[in-house]
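Structure record follows, encoded as structure tokens.
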Amino acid sequence: MKKPLVIGNWKMNLDYVEAIHLMQQIGVLLRNKPVEHTDLVVTPPFVDLRSVTSVVESDRIPVSVAAQHASQHESGAYTGETSVAMLQRLNVRWVLVGHSERRSYFQMTDDVVASTLRAVVRSGVQAVLCFGEELASREAGEHFDVVASQLQAALAGLDEQVRPLVTLAYEPVWAIGTGRTASVEQVAEMMDFIRATAASLSLDEPHVLYGGSVNADNAGAIMSEGRVDGFLVGGASLKAESFVAIAHASDDCYDGKR
Ligand code: PGA
């Protein structure tokens with residue numbers, strides 16, 4: 001089993017004061033009961049990044065910091081955008097690329113996802129490529145086709161040396177923020193399909209995460225029976241206790257499998 005990865009996506013929640021508070025709480029819980037076998041990442045809003053990286057550094061919290069999005073452009077007249085280089089200056093080591101909320105609410109097309117992914121990894125920053133089908137596609141039995149085409153669009157032709165910087169996150173849109181998690185069977189069969197598709201696109205053994213209503217109660221079963229390498233967690237990452245509990249559930253799975 002690969003070393004698991006648990007990423008908290010705070011979305012558009014928590015101002016910088018609240019973000020500092022959450023980060024400090026996570027730090028205290030991790031000091032009281034360390035997470036030994038799981039890498040942890042938090043993904044605050046842009047305006048919180050500087051504060052959160054400062055807390056992580058000063059309190060030596062074993063957590064990396066990610067951004068929720070980045071511009072596909074290097075610099076220039078792109079009002080409202082944030083470049084990968086600007087994020088790197090803040091010690092941001094990860095960027096989410098193509099989250100379904102960016103795809104559906106902000107017209108992030110497959111082409112923009114592909115160029116953003118390239119902008120991120122070209123700079124040596126780790127990218128979490130998010131993808132997954134909508135409910136209508138699942139009901140029509142087209143989920144494998146949708147996922148294959150999203151992966152193909154983002155990954156085809158990616159330079160060999162940057163491929164190790166790509167992590168995949170399967171997030172069925174119908175499971176995000178709905179409390180309706182994909183079943184472990186649905187996750188397991190999709191994990192097999194994603195690994196095979198990634199291999200056919202020359203992406204060797206990437207971490208493949210699951211996201212969509214993950215919480216402290218379902219994380220253990222999804223990880224062990226669904227055969228995932230970790231989680232992208234939204235709602236349950238906004239409370240220190242549940243985020244750290246998911247990390248411990250992941251740790252226990254890893255320990256049980258070694
Ligand atoms: P959720 O969000 O855990 O609240 O379903 C997951 C995500 O959007 O990454």
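Each ligand, and each atom within it, is numbered from 1 in the order the structure gives. This one's a predicted model, so the numbers in the text were calculated from it and none came from an experiment. The figures that follow rest on heavy atoms only: side chains count, while hydrogens, waters and symmetry mates do not.
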Heteroatom proximity flag, Ala236 to ligand 1, N/O under 3.5 Å: no
Backbone or side-chain N or O of Thr178 under 3.5 Å from ligand 1 N or O: no
Nearest atoms (heavy-atom pairs only) where Met190 meets His143: CE-O, 3.9 Å
Test of ring centre spacing under 6.0 Å for Phe144 and Phe193: yes
Per-atom contacts of ligand 1 with Glu171, taking only distances under 4.0 Å to non-hydrogen atoms: 6 (C), 7 (C), 8 (O), 9 (O)
Selection from Gly234, Pro172, Gly177 by shortest heavy-atom distance to atom 5 (O) of ligand 1: Gly177
Within reach of ligand 1, part of Ala175 (heavy-atom separation under 4.0 Å): backbone
Flag if over 12 foreign heavy atoms under 6.0 Å of NZ, Lys239: no
Close approach, Gly211 and ligand 1, non-hydrogen under 4.0 angstrom: no
Short side-chain to backbone donor-acceptor contact, His69 and Glu81, under 3.5 Å: no
Enumerated ligand 1 atoms positioned under 4.0 Å from heavy atoms of Gly212: 5 (O)
Polar contact flag, side-chain donor to acceptor under 3.5 angstrom, Asn218-Thr181: yes
Ligand-side contact atoms (ligand 1) for residue partner Asn9, heavy atom cut-off under 4.0 Å: 9 (O)
Spacing of Leu203 atom CG and Leu158 atom CG [to the nearest 0.5 Å]: 7.5 Å
Proximal atoms of ligand 1 relative to Gly235 (non-hydrogen, under 4.0 Å): 1 (P), 3 (O), 4 (O)
Ligand 1-proximal atoms of Ile176, by part, heavy-atom distance under 4.0 Å: both
Point-to-point distance, once rounded to the nearest 0.5 Å, from CH2 of Trp10 to CG of Leu238: 8.0 Å
